[in-house]
Amino acid sequence: MVRAEFTVFPFRESGALPPHAQAAVDAATASGLEVDVGPLSNVVEGDLADVLDGLRAAEEAAFAAGADRFTLNLERVS
């Protein structure tokens, strides 16, 4: 099991998610991941292969929607 925290830039500190961040969340969700959306970052957990596949989809969707940066922190959880 792994936990990944990702942030899509540029972000806004209040209000609705910008389109590029929403696209990333939607792509991760469509890949089967449950996304915990936070004010500055988003978190997913699952098997390594599933998380990496979902993050790939999220990154591609974010950049296609106008993101200029996608940061990721990945850690193993028990």
Side-chain angles (χ1 to χ4, degrees):
M1 293 285 292
V2 296
R3 176 182 299 126
E5 178 181 12
F6 66 94
T7 304
V8 183
F9 292 88
F11 63 84
R12 296 184 201 132
E13 293 185 32
S14 63
L17 291 176
H20 50 277
Q22 187 64 58
V25 169
D26 291 346
T29 301
S31 74
L33 297 175
E34 184 176 327
V35 182
D36 180 13
V37 178
L40 301 177
S41 65
N42 310 290
V43 177
V44 297
E45 289 187 12
D47 293 327
L48 178 61
D50 295 337
V51 169
L52 292 177
D53 288 344
L55 290 172
R56 181 181 305 115
E59 177 215 0
E60 290 172 355
F63 285 123
D68 57 21
R69 191 165 111 196
F70 186 99
T71 63
L72 172 64
N73 181 37
L74 187 65
E75 64 182 306
R76 185 183 352 217
V77 294
S78 43

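All values reported here derive from a predicted model rather than from experimental measurement. Residue numbers run from 1 in the order of the sequence given.
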Filter on ring-ring contact (aromatic ring centres under 6.0 Å, His included), then keep only pairs touching residues 29-78, sequence neighbours left out; what's left? F6-F70
Are V37 and V43 grouped together when hydrophobic residues (ILVMFWY) are joined by side-chain heavy atoms under 4.5 angstrom apart? no
Can you give me every donor-acceptor pair (side chain of residues 26-36, partner residue at least two apart or in another chain, under 3.5 Å) with its distance?
{"residue": "D26", "atom": "OD1", "partner": "Q22", "partner atom": "NE2", "Å": "2.8"}
{"residue": "T29", "atom": "OG1", "partner": "V25", "partner atom": "O", "Å": "2.9"}
{"residue": "S31", "atom": "OG", "partner": "A28", "partner atom": "O", "Å": "2.7"}

Are F9 and V44 grouped together when hydrophobic residues (ILVMFWY) are joined by side-chain heavy atoms under 4.5 angstrom apart? no
Check: L40 main-chain N/O paired with T7 side-chain donor or acceptor under 3.5 Å: yes
Any idea which heavy atoms bring L55 and A4 closest together, and the distance? CD1-CB, 3.7 Å
Exercise: identify the closest heavy-atom pair between A24 and A58: O-CB, 3.4 Å
Atom of V51, atom of E45 and distance for their closest heavy-atom approach: CG2-C, 3.8 Å
Can you tell me how far apart CG (L48) and CE (M1) are? Round to the nearest 0.5 Å. 11.0 Å
Qualifying side chain to side chain donor-acceptor pair (under 3.5 Å) pairs with a residue from residues 55-77, counting only residues at least two apart or across chains: D53-R56
Where is the tightest heavy-atom contact between E5 and S41, given as atom of each residue plus distance? OE2-OG, 2.6 Å
